[in-house]
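Data first, discussion second: the structure below is written as structure tokens.
By convention in this document, chain letters (A, B, ...) are assigned in the order of the sequence lines, proteins followed by strands, and residues within each chain are numbered from 1.
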Protein chains: 2
Amino acid sequence: MATAGAPLAEDRAVSQTVRAELMLRDLILAGEIRPGERLAELAIVERIGVSRTPVRAALMKLAEEGLLEAIPSGGYAARAFGEREVLDAIELRGTLEGLAARLAAERGASSTALDRLRDLLARLDEAVARIAASEDAFTLYIDLNAAFHREITRLAASRVVERQIERAMSLPFASPSAFVRAQSESPEAGRILILAQDQHHCIVDAITRREGARAEALMREHSRLAGRNLAMALRSRAALARVPGAALIQIRTE
Amino acid sequence: MATAGAPLAEDRAVSQTVRAELMLRDLILAGEIRPGERLAELAIVERIGVSRTPVRAALMKLAEEGLLEAIPSGGYAARAFGEREVLDAIELRGTLEGLAARLAAERGASSTALDRLRDLLARLDEAVARIAASEDAFTLYIDLNAAFHREITRLAASRVVERQIERAMSLPFASPSAFVRAQSESPEAGRILILAQDQHHCIVDAITRREGARAEALMREHSRLAGRNLAMALRSRAALARVPGAALIQIRTE
DNA sequence: GGTATTCCTCCTGTATACATTATTTCTGGA
DNA sequence: TCCAGAAATAATGTATACAGGAGGAATACC
């Protein structure tokens with residue numbers, strides 16, 4: 001069945017459901033579907049070339065993620081988010097990551113886990129130092145930052161907590177690195193990253209000393225940097241364009 | 001359309017997917033499926049009498065809820081929860097409800113909303129007073145308690161927060177009323193309900209005075225009462241049997 | 001001209017047949 | 001007796017046909 005001239009290269013291996021999910025998510029995040037617009041299954045079938053069954057599965061998944069909302073009479077529509085909802089999503093992520101940080105501190109991290117964290121910190125330090133010089137450093141920072149947050153989540157050593165954090169971050173603009181790129185052109189960029197990275201250090205220190213309350217408070221405040229970045233991003237169309245899922249954010253036009 | 005002799009009474013009206021979901025959830029919660037056991041679609045089809053399509057949808061939903069886990073090679077298996085995971089789920093719920101209570105306090109509740117809360121408090125007071133006398137009072141308390149928690153969640157005035165709380169409570173033993181019934185036979189029952197109800201009062205007071213930090217701390221501690229109830233329930237098979245979803249809780253046998 | 005009603009179209013819900021992949025069981029050999 | 005391999009079996013993944021219902025357009029009536 002694998003036709004030549006494959007326009008989808010390596011995607012051949014994965015299931016149709018996963019493919020539908022990825023393509024549909026991209027379509028939504030790219031803003032190709034206007035918020036509120038109904039997503040007809042057959043229209044998607046034609047667009048991405050798989051049958052209704054996997055499309056249906058993908059729609060259900062994306063609705064669970066929060067990108068779509070179920071229409072009472074059936075079907076799904078693209079969801080829009082106001083500035084306030086984006087802030088709430090960030091606050092929610094901060095609260096959950098704060099819980100994870102506190103649990104990590106209270107339950108104690110193994111020395112190998114702490115070593116992993118310190119290694120990430122060192123590499124983040126290096127990335128921050130290079131930010132002014134090269135554009136690549138931003139990409140590196142984003143990757144390392146994501147890995148750092150993931151590691152803290154893991155240290156909570158709780159499946160239910162981990163799962164919930166994953167879900168909270170399924171909204172693309174709620175992820176820890178969502179707004180890092182937004183201010184890559186801004187003169188403040190370097191300053192904010194220095195603040196963020198110092199918080200990273202403090203969080204690891206708190207976990208090491210098993211200071212749960214401190215770890216939690218720091219992690220919450222850390223997430224609010226993203227909120228500050230959002231406010232800045234909303235003032236510049238160019239900055240907002242660099243935020244993943246920006247198309248879903250509805251800007252008040254008055 | 002309700003046919004006579006209906007074995008499923010009102011269920012006729014709802015969709016097959018919803019029916020499959022409800023029946024399957026009941027089956028799992030009743031412990032008819034051993035944790036770890038694979039749930040073959042065809043087996044379910046035979047058991048609940050709908051075709052594979054709605055069964056598949058139901059499986060996906062229950063997996064999202066956390067009752068099932070996806071098997072890497074395909075399909076789903078029933079999930080089991082250790083004591084620690086149940087406690088984590090309760091802590092998670094407390095953290096999220098704490099966030100909701102703080103937001104409710106910070107954003108301010110309308111006077112009509114506060115009236116609703118006070119009305120619920122009064123009815124809860126009454127139910128607590130009658131606990132010793134009648135068994136019905138327990139059921140009433142559970143309903144009112146659920147309504148109280150729902151109202152706080154609503155007062156956060158945030159769709160994303162509300163959604164996340166709903167998801168955290170989709171594990172049946174994580175709901176605010178899960179362990180109330182567990183200790184209905186216990187002599188301590190009345191005492192714990194008095195504590196819980198006093199916390200309810202304090203939480204409403206904090207929200208009224210817009211004391212966000214206090215509201216949050218109280219709500220978190222409030223959830224820990226459920227943790228204490230869990231510890232008690234685990235010491236008595238009879239008590240545990242009254243907890244929803246108890247079949248999913250794996251008791252350490254040593 | 002506006003409103004209500006009917007009809008038509010399109011969309012989702014459901015069942016099922018087919019394809020593909022995982023798992024188990026049976027057999028042969030060491 | 002245990003292990004390896006192959007065949008058989010059973011499960012999921014996928015496509016599609018059909019049924020029922022929602023929503024919109026057109027027409028008739030007021």
Original post:
Can you tell which of D:dA11, C:dA15, D:dT14 lies closest to the side chain of B:P54?
Top reply: C:dA15
Original post:
To the nearest Å, how far apart are B:Q16 CD and C:dT12 P?
Top reply: 19 Å
Subject >> Pair B:S175, B:S177: side-chain N/O donor-acceptor within cut-off below 3.5 Å >> reply: no
Subject >> Length of the CD-C1' vector between B:E46 and D:dA10, whole Å >> reply: 12 Å
Subject >> Separation of D:dT16 P from A:R56 CZ (nearest whole Å) >> reply: 16 Å
Original post:
Is the ring centre of A:F173 less than 6.0 Å from the ring centre of A:F179?
Top reply: no
Original post:
Is any side-chain N of the basic residue among A:E91 and B:R102 closer than 4.0 Å to the acidic one's carboxylate O?
Top reply: yes
**OP:** Would you kindly compare A:I71 and A:T17 by the position of their nearest DNA chain D nucleotide and give the one closer to the 5′ end?
**Re:** A:T17
**OP:** Report yes or no: do A:R107 and A:S158 form a side-chain donor-acceptor pair below 3.5 Å?
**Re:** no
**OP:** Report the residue (A:V18 or A:R38) whose heavy-atom-nearest nucleotide on DNA chain D is the more 5′ of the two.
**Re:** A:V18
**OP:** Could you check which of D:dA11, C:dA15, C:dG13 has an atom nearest any side-chain atom of B:L42?
**Re:** D:dA11
Original post:
CD1 of A:I44 versus P of D:dT14: gap in Å, rounded?
Top reply: 16 Å
**OP:** Indicate, yes or no, whether a donor-acceptor pair under 3.5 Å links the base of D:dA15 to the side chain of A:T53.
**Re:** yes
**OP:** Starting at atom CD of B:E41, determine the distance to atom C1' of C:dA15, rounded to an integer number of angstrom.
**Re:** 13 Å
**OP:** To the nearest 0.5 Å, tell me how far B:I152 CD1 sits from B:E97 CD.
**Re:** 8.5 Å
Original post:
Looking at C:dC11, C:dT14, D:dG13, which one has an atom nearest to any side-chain atom of A:S15?
Top reply: D:dG13
**OP:** Just call it for B:L39: base, sugar-phosphate, or nothing, with non-hydrogen atoms closer than 4.0 Å on any strand.
**Re:** sugar-phosphate
Subject >> A:S73 side chain near D:dG23 phosphate (N/O to OP1/OP2, under 4.0 Å) >> reply: yes
Original post:
Rounded to the Å, how far apart are B:E37 CD and D:dA11 C1'?
Top reply: 15 Å
**OP:** Consider the side chain of B:R52, meaning its heavy atoms from C-beta on, and name the nucleotide among C:dT12, C:dT16, C:dA15 that approaches it most closely.
**Re:** C:dT16
